[in-house]
Structures are given as C-alpha cells and as structure tokens.
Peer 1: 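My structure is below; once you've seen it, I'll send some questions.
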Amino acid sequence: MTSGDEVGSNSRKPVPKPEMATGQTRAKSLDDLPPALLATIMAKLDVASIFSAASTCTAFRACASQLLSFLPTIHLLDIAPSMDLLRPLLGPPNPYLRSLKVDCDRLNDSAIELLLRPPAHELCLLNCVDFSGKLLSEVGRRCRDLRSLCLGSVAEKRGRAIHISDLEELLIGCTQLEALILMFDVSSLIGHNFARVWPLASEKLTSIEIGYISSVAVTEMLSPNLGPHQSPNHIRPSILPSIQKLCLSVDCITDTMVSTISEGLASLTHLDLRDAPLMEPGIALDLTNFGLQQINQYGRLKHLSLVRRQEFRITYFRRVNDLGVLLMAEKCTNMESIYLGGFCRVTDTGFRTILHSCSRLYKLRVFQGTQLTDLVFHDISATSLTLTHVSLIFCNRLTNLAVMNLVSNKDLRVLDLRNCKNLGNEALRAIGILPQLKILLLDNTDITDVGLSYLRQGVMCSIVTLSIRGCKRLTDKCISALFDGSHKTELRELDLSDIPNLSDKGVLLLAKSRVPFSELRMRCCPLIGDTALMALASMLVDEGRWLGNSLRLLDLYDCGGITQLAFRWLKKPHFPSLRWLGVTGNVNRNLVDALARSRPFLHVECHGEELGADATDQWDCSDSSYVHDYDEVHDYDEVDELEQWLLEGEGELVDEEMGDAELVE
Amino acid sequence: MSSSKSNKIVKLESSDNKTFEVEEAVAVQSETLKNMVDDGCANDTIPLPNVNGKILEMVLGWCKKHVDETVTGDELNKYEADFLDLDQADLYGLLMAANFLNVKGLLDRVLQRVADMIKGKKPEEIRRIFNIKNDFTPEEEEEIRLENAWAFD
C-alpha cells in the first residue's frame, strides 16, 4: 500500500459481481435528479429555456411551475408576449423578482397589474405603443424599490397622451431610482412645468437618457429658476446634482445647451448628445468652438459623444474647427471614450491632439471624418494608448497605411472601418494579426477575396461579428477564403449583403463550413436564390442537428433568385430558432402572411427594413450598437454629396460666422 | 500521530469496492469529508455507497488539481472546461457525487454545465441529450404544446 498521493484500486476485497454494485445498474437520467438540484439547474436558465425544458417530462414541468414563484430574472425581449402568455408567467406571486424586461408590443394598460411588480429593482418595458401615460404614474405608485427604469415608445399610438403629472408621480414615487431611460419623445410634456418636476427626482438618480427632447427644454430643465423673493446672493440650487450620465437626442445641439449642462452637472462623467437638425442651424442656435470649450468644466468627464445626424438634411458642425477641438482636448485629458460625428471641418491637427492629449483613451469613434487622413495615426505607436474600440466611418481619405499603424494597438476588440472607400487588402493583412478582435466591419471598402484570406489564420479564430456588406469586388471565393473548415471559429454574425457576385454557390460553401451562425444577412444579392436557402435549411452539422438550428436572424430581402418555392424552407421544422426574417413581401404577400400566421413569434420584415431587436442601450458605445446603426451608415449617397459640397468650398459665408464666434476666455 | 494535515491520509471506498487514498488536504475539499475528519470519523476507510469508483476518481482528481499550487489560473480554467466534457450518464453520476460530497465549486460548475447544455434547445433535443423519457399523456402533450410553443417555436 502506498502512501501520499496515490490513487488506485485495492486488491484486498473480492471483485464484486456487477449486479451488486449499488446505484449504478441502470442508466440514470436528469429526470431522476432530486428536485432541489433540478430547481437549481432550471433557475440558471432564461425563461424560454425553462419552458422548453418544462415540455420534456412531468418532473421538469412540476419544477418549472414551482420555479415561477422564485425566479429573480424574467426577460422576454425576443418575442412580444400577449396577455395570455404573460398571465401564467407573471401571475404567480413572486417576491424574488428583481429584473423584468418585456417587449410590450402586444400589450396595453390592462397589463399594468401584471407587469409592475413591487419587489422589482430593474424594469425594462419596450414598445409600449399602446399604453397611456398611466404606465408612468403606476410605476411611481407600485414599484417603489425600483433602481433602474427603461420605458420605450410609450403612448406612441395616436391619441394616447402622457401628462406631466404622470412623470411627476413617477419621480416622486421611485425614491431609489438610479437610472431613468425614457426612450420616446417627451415633447408632449414640455411647457407644462416640465422643468419643475425634475427637482422631485430621487437624490440617487445618476443616469438619465431621453429619446427626444428639444434643446430649449434641456436648458430650462437644468437651469434653476430664481424665484422673485430670492436675493441675488442666494446660492442657486443645482438641479439633478448627482447626474453622472446624460444621454439626449435633441433637435439641435447648441452652445447654450452645452454650457448649461457643463455648468450645472458637476458630477458628469458621461455625456452623449446627438441631434438631427430639420433646418440649417443659425449662428445663435448651433454648436461652435465656444460651446466645445465649455465642456468638462469640472474635469470629471470620461465619455463624450457629440453627433450630428443627417436624418433630415445634409448638415454638419460647420462652426467647429480644429481650434475648438484643441481647446476641448486641453480640458479632457482624462477622457476614456470619444465619439465625434459630423465634425467635417476638423483636420488631422484636431484629431491628433485628441490622441496625444487623452492618454487614457480606449474608445475612439469618428463618423464623417472628411478631413481625417493617415497622418493622424502616423505615430500612434509612440503614444501609450491602448485603444480597444476604433470606429472610423466615412473617412474616405484613410488608406491602408493608417490601418497598419492602428494595429499596433494589440488590444483592439472592435474595428469599424465602414465606408472608408480606400481601404483594401493590405489593411486586411495588418488586421489579420490582431489577437483579440471580436467585431470587424468593412462595409463598402475596396477589399477582394485574396484580402480576406489574410484573416483566416489569425483573426478569424476570435472574431464573432464580421461585415463585408457592399464590398463589390468580392465573389463566391471570399467564402472559401474565410472558412477552410480546419480552423475553429467563433464567428456567429455575418453580413454578406449587397455583394453582386455572391451566388448560391457561395452560400453552399458557407453551409458546408458548418459554422453555427446566429445571424446571417444577405440582402440585395441578385444571384442568391432558393438553392441557398435550401442549403442553409438542410445542411446537417451532426447527428440530429441542422445548421439552420442556430440561426436566429436571416435577411434575404431583395435577393434576386428567391421565389415562392423558398417559403417551403421557411416553414417549421426548418430554422426552429428563427426570430427575424427579411424577405421581399410584395410578390409573395399570401405566402408571407401564411408564414407569419404559422410562426407567430417570428418578426417578418417585407419592406426592406433592417432586422434586429432595438438595442436598449443604443447610446452606449457597447459592442452591439456598432452594428445596428444602419440608417446612419448606409445613406452614403447623401454623404458623397456632402463631401462634394465641402470640397467645392461652400465655406465663405460660414467663415464669416466663424469669425464672429469669438472665444471668450 | 500528530495532526499535521499535510501528512495525514484519508481512505475512501467507492460503491464498487475500490479504495482510494488521498491526502487530507485533498479530501477536505469535500465539506462532507471535512466534517467527518473534524469529527474524528476518518480514521478507518470511509465507505461511500452512492459514488462509484469512476466518478470518485474524477472527483478526487478535481480536488487534487485545486489544491495543487503549481497549477496556473489558465491551466485550471482549461482543466475545468475539459473536465466537464462528459456524456450524460457520467454527468448525472458526477452531479450526485458532487452534491453528496459537497465539493466546493464542483457542484455549481456541473449544474451550470447542465444548464448550458439545455439553453436554447428544443424539447426533443433536450430529451435526446439527457435521455429523458417523455411521460406525458397525449392530452398533456397537446396542452403543453399550446402553452409553451412560444419558447421553442
């Protein structure tokens, strides 16, 4: 007998006959587990999986129904439940419920009783189009322990208004509220003492996000009014002093608004402002160098995002140039994340200053960097920067050289180079060596099949999301360039839209690669047809498991070869996990309707809208928001027009105005 | 004999009469065994009638790995990932053993592993993977299908 670490069988006792071995004579299975263990397992599952497991046998079913009284987290964002579905889920009293997220597209005020649970700490209700303002006041009345609240699209159906008293009750009632997201247009509340309700908010409120609000209303909201009885020496009370995070979508970003925000919110660490002007902003109602200079007066700002969108007209921040950026960067040396969209007058000087002043920067995002060139990244390796997220969208002056310099940041996790027309294969060669890349977006760049093969050995092992939408030079060979079957890949989301030479053959190769995709987009590919769909539906990955099983999103909008036959492959049991489908609806109206009826939990888009659930954090520079801002990025015809305009020097008038916007020290 | 933990050996016997000898430091990774040791019941061979030899060997291997100070964090992660790559019969046995022996971390990992194997799957798949018998009546089956279709359709 050996001592110490030895583990081995002992020959002293006689070897027992197999029948005498206790407890292991027949194959045991999960349904034999003691209920306590079963409950622990099921409690780790999401709600959909719990019900799927509950459908396997009586033991699981009993466990699941008990579990509903204990489940701390219920998230139903994938499907829009009806009241009938919701009742068994939320009906049983559950004092442990802490986090509830529901897509309320099919619900209305009658669901309030079910949805608003007193013990909840986190509540996220999206698509509340059929609710009235009562939702807000009821939250204030019932959910007193709420820490985080997100309400999307409340009362957007015509005729259902929100009143200021609803908001008031919400703010008064939720005394523990820390984060408030009102993802809808609050204009209907304006003018009714909108500014007066905010001091009623909980002291713990640190984060506010509003879906749409006018900049004037913001200024009023954050300006404490001095009553007639207060002396001039009276210290002005600050409104919402604890706010650290402010994300607003406004009509037009102005100096006044930015100044008010910067002066009033001393704890601000995260500022996200975006606008989409309807009219060309006049000089008194725009962001100028002066406004930029006001930012970060208390030195606490870590994340800054200023974006002008071209939703209604072609416009950009005309009154901001390098000087403004320089003055801002001086104050923002602690900045960790910067997003500048529509700063077309800023040149390399401005962008370089940011890179060299902000030593803690790890996220850089520039949209429409019309004058941004390779020079910005020329000596980036000399800085101590460790960038992890880089987005350079519509930066047409960038060439491969910039990318070759950028990849000295080995920690890059997200690289978004959409619409940088001059990037090509050499950039891909450089990108191929990045060890940690998760998201790579190359829409509308000048790459070819050969370039993609540079990715195969290195970066394809880590990438989860890849987009090569609109890369017109690609052919079917790009698929074999990316996947050779030998390397294990983490890739789950692939966008192959708008590639004219991609055909069924390419999709067949894709299916053969056996990669378990969760999202596949192949919009506007004229050569893709029924065979491609059949391949995706019927390819076996292994015994009993089809490739199509893992697909949750499939976009085949405007694919030239898709006919009525294709719908056969979209019916059950194919693509069992599919939640989002894009097809061209006008030709196949009846089939689409029939499909939608047989698969009630499938979102079908027939008119070309982009697929995918609205990200609840569309503001955050979180990874998902990088891919889902299609509107911004794909209206590139307009951007070309803008560039043309800029190059032709429309600037004389604006220069005059720039002269007027003198800096006040 | 001194009660220096580093030298003491604990003897364990599985349900199929295999004996294992391990250092006390390894054995006490199991709360159940630790209690026995503390109560002074560990001087003779401890019989474990509900854990078979194969599973016991695995569990003791896990305990040893976690006591070993020369193993790096990365190595441990990889070990744990490979460890749980089991068929459902072994998984079941491991689950019961980890539950009975109350081994820190192991039980939760196995439970999580089972949960991960269930996540996102349709009922037929779950039944297939875990060899679960469908014991619903046809009426119940239909009822369930209507109620729960949203979860896996």
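By convention in this document, chain letters (A, B, ...) are assigned in the order of the sequence lines, proteins followed by strands, and residues within each chain are numbered from 1. Everything numeric in this text was worked out from a predicted model, so none of it was measured.
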Peer 1: Measure the spacing between OG of A:S55 and CD1 of B:I126 and express it to the nearest 0.5 Å.
Peer 2: 8.0 Å

Peer 1: What residues, two or more places apart in sequence or in another chain, satisfy side chain to side chain donor-acceptor pair (under 3.5 Å) together with A:N94?
Peer 2: none

Peer 1: Evaluate the side-chain proximity of A:L33 to B:M96: yes if any heavy-atom separation is below 4.5 Å, no if none is.
Peer 2: yes

Peer 1: Rounded to the nearest 0.5 Å, what separates atom NZ in B:K121 from atom OG in A:S577?
Peer 2: 10.0 Å

Peer 1: Does any heavy atom of chain A fall under 4.5 Å from the side chain of B:Q112, the backbone, both, or neither of them?
Peer 2: both

Peer 1: Between A:S52 and B:E125, is any pair of side-chain heavy atoms under 4.5 Å apart?
Peer 2: no

Peer 1: Which heavy atom of B:A115 sits nearest to which heavy atom of A:K44, and what is that distance?
Peer 2: CB-CB, 3.8 Å

Peer 1: At a heavy-atom distance under 4.5 Å, which candidate from B:K119, B:E141, B:E124, B:K133 has the highest pair count against chain A?
Peer 2: B:K119

Peer 1: Look up atom SG in A:C57 and atom CZ in B:R127, then write down how far apart they are to the nearest 0.5 Å.
Peer 2: 8.0 Å

Peer 1: Compare every heavy atom of B:N148 with every heavy atom of A:F51, then report the nearest pair and how far apart it is.
Peer 2: CD2-OD1, 3.3 Å

Peer 1: Going by ring-ring contact (aromatic ring centres under 6.0 Å, His included), name the pairs with one or both residues in residues 57-82 of chain A, residues two or more places apart or in two chains.
Peer 2: A:F70-A:Y96

Peer 1: Could you tell me the separation between the CD1 atom of A:I50 and the CD1 atom of B:I118, rounded to the nearest 0.5 Å?
Peer 2: 10.0 Å

Peer 1: So which heavy atom on A:T56 is nearest to which on B:F136, and how close?
Peer 2: C-CE1, 3.6 Å

Peer 1: Check whether B:D135 gets within reach of chain A through its side chain, its backbone, both or neither, counting any heavy atom under 4.5 Å.
Peer 2: both

Peer 1: Please identify, among B:D108, B:L111, B:L107, B:N134, the residue contributing the most non-hydrogen atom pairs under 4.5 Å to chain A.
Peer 2: B:L111

